[in-house]
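Letters A, B, ... are given to chains in the order of the sequence lines, protein chains preceding strands, and every chain is numbered from 1. The model shown is predicted, which means the values in this text are computed figures rather than measured ones. Basis for what follows: all heavy atoms, side chains included, without hydrogens, waters or symmetry-related copies.
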Amino acid sequence: MAGKSLPAAGPADASASRPELSEEPSRRTRIVRLRKRPDFLKAAKGARASVPAFLLQMVPSREAGSDARCGFTVTKKMGNAVARNRIRRRLKEVARQVMPLYAEPGCDYVLVGREAALTRPFLLLLSDLRAALARIQRASLSQNPGGPKSSER
RNA sequence: GCAGAGGGCCGGAUGGCCGCUCUACCCUUCGGGGUGGGGAGGAAAGUCCGGGCUCCACGGAAACACGGUGCCGGGUAACGCCCGGCGGGGGCGACCCCAGGGAUAGCGCCACAGAAAGCAAACCGCCCGGCCAGGCUCUGGCCGCGCCGGGUAAGGGUGAAAGGGUGCGGUAAGAGCGCACCGCGCCUUCUGGCAACAGAGGCGGCACGGCAAGCCCCACCGGGAGCAAGACCAAAUAGGGAUGGCGCUUGGGUCGUUUCCGGCCUGCCGUCCGGGUCGGUCGCGCGAGGCGCCGGGUGACCGGCGUCCCAGAGGAAUGGUCAUCCCCUCGCAUCCUUGCGGGGGACAGAACCCGGCUUACAGGCUCUCUGCCGCC
């Protein structure tokens with residue numbers, strides 16, 4: 001029911017990428033953890049969308065057929081190690097629930113934690129991420145219309 | 001019962017749903033999947049000490065420099081830690097606190113105040129003598145401002161500290177000048193103790209001030225760096241070595257005196273070796289190990305037996321979320337002990353591993369002991 005906010009390019013290449021995998025009815029994108037520093041630096045230069053609990057960064061990285069990747073950044077400004085761990089873990093859980101349904105394959109995402117991520121109700125975090133994903137995909141479409149086409153190739 | 005002292009321990013519980021990671025077994029279409037099991041702390045923190053481990057350096061040892069430690073005995077792998085004593089200080093007491101070797105090895109310092117701060121001295125005083133303005137007087141004398149000379153350290157005042165304290169005697173006034181007690185110093189002394197030290201005895205009228213966390217002296221200890229240590233596997237690229245082929249009709253260099261001719265190097269392609277970057281694997285989880293019982297010891301701790309295997313990530317797993325319960329708190333209601341609703345539940349996250357120390361910490365449990373009050 002929430003899938004209608006996605007761009008039209010999404011379902012096409014998602015089904016084309018894994019035709020042989022399985023015949024599950026819902027379209028799910030596999031999410032891989034982003035771990036290398038250069039990837040984080042690249043994502044920081046891409047499109048961004050801000051909500052109270054975090055900042056979402058996105059860059060179309062590689063071929064459209066591959067998985068989406070997602071990383072997390074929580075700086076030392078956010079507090080001590082316990083607070084940082086908790087922020088990252090809540091964001092991880094949000095990403096785990098939302099990204100497979102709404103993320104664009106072949107794109108790298110980075111969630112930069114903010115202090116509000118510590119206390120914001122979890123349901124709001126979920127809708128925050130859906131909204132941010134929608135915004136960021138609209139933004140990258142309008143700013144670079146040739147982008148998704150070339151990624152489809 | 002009230003007030004207090006010293007330890008020990010815990011630091012949310014249970015259950016859904018959805019995950020992460022390690023591991024054993026099974027399945028697999030080699031992508032992965034299933035089942036079982038493990039998965040943060042008392043401080044994981046600060047990184048302040050002590051070790052293990054690894055690499056580097058080094059002939060043994062000593063000395064010097066530098067740094068650390070500093071009552072005695074014990075514990076320990078070791079320590080700056082711990083335990084038990086000793087000494088000093090505080091508290092009615094249980095107990096608590098202490099950078100606690102040497103000040104006749106030497107140097108240095110002792111601010112302010114004060115007359116004087118380390119070697120004796122004397123500001124105000126006190127006392128004696130002389131001179132003397134003057135006064136009193138029974139014409140014997142007495143008192144005496146001031147000045148000079150001398151004796152004192154009782155009293156005053158300063159200070160963190162002023163050359164033992166208190167009392168009696170003594171004296172012109174005083175003073176260990178004498179005596180008693182306390183204190184202090186010394187001793188081939190005695191007693192107890194492994195010792196630090198304590199007690200007794202004798203001698204000495206008795207200062208030898210303090211600071212060594214200023215330098216220093218003495219005794220003892222210490223090589224350096226750290227898991228990003230270190231070991232192994234190993235793309236790409238640059239450059240290196242070996243070797244094979246081609247080229248060497250053309251070049252350049254070089255060797256044999258020169259020409260011819262020939263060798264070698266330089267060029268291109270390939271193979272191998274070495275190297276070690278990104279990356280990967282190991283190091284890396286059986287240990288100065290946990291628990292229980294027994295024994296020794298005042299204790300730290302030690303010994304024996306049994307039993308258990310108990311986190312291993314790497315932009316960094318150990319969680320997210322919901323419900324119920326528990327505790328605290330606020331508001332409303334209330335049949336007065338319950339109901340409803342809201343908020344909150346500390347400090348804090350393993351990163352090679354141990355032993356300590358230090359610091360942070362909502363709330364709570366428990367043991368032993370002390371003082372006072374009450375009751376029997």
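Following rounding to the nearest Å, L91(A) (CG) and G319(B) (P) show an atom-to-atom distance of 17 Å. D39(A) has its CG atom 13 Å from the C1' atom of C278(B), to the nearest Å.
Taking 90° from 0 as the syn/anti boundary, the base of G42(B) is oriented syn. The glycosidic torsion of C310(B) lies within 90° of 0, placing the base in the syn range.
Applying the side chain to side chain donor-acceptor pair (under 3.5 Å) criterion to R88(A), with sequence neighbours excluded, gives N85(A).
When both distances must be under 3.5 Å, the Watson-Crick or G-U wobble mate of U54(B) is A225(B). Using the Watson-Crick or G-U wobble rule with both distances under 3.5 Å, U243(B) pairs with G270(B). Under the Watson-Crick or G-U wobble criterion, with both distances below 3.5 Å, G276(B) is left unpaired in every strand shown. For U368(B), the paired base is A5(B) (Watson-Crick or G-U wobble, both distances below 3.5 Å). Within the shown strands, G151(B) is the pairing partner of C126(B) under the Watson-Crick or G-U definition, both distances less than 3.5 Å.
A side-chain contact (heavy atoms from CB on, under 4.5 Å) with F72(A) is found for exactly one of V110(A), V112(A), L111(A), L34(A), namely L111(A).
The residue N80(A) sits close only to the backbone: its heavy atoms come under 4.0 Å of sugar-phosphate atoms, none of a base. L123(A) comes within 4.0 angstrom of no nucleic acid atom, judged by non-hydrogen atoms across all strands.
Comparing atom distances between the R90(A) side chain and each of C18(B), U321(B), A317(B) picks out U321(B) as nearest.
Under a 4.0 Å N-O distance rule, the pair K42(A)/D108(A) does not qualify as a salt bridge. Classification of R96(A) and E93(A) as a salt-bridged pair holds, one side-chain N sitting under 4.0 Å from a carboxylate O.
In terms of phosphate contacts, R88(A) brings no side-chain nitrogen or oxygen within less than 4.0 Å of OP1 or OP2 of G319(B). For G320(B), the OP1/OP2 oxygens have a side-chain nitrogen or oxygen of R86(A) closer than 4.0 Å.
In this pair, F122(A) does not lay its aromatic ring on the base of G320(B); centres under 5.5 Å and planes under 30 degrees do not both hold.
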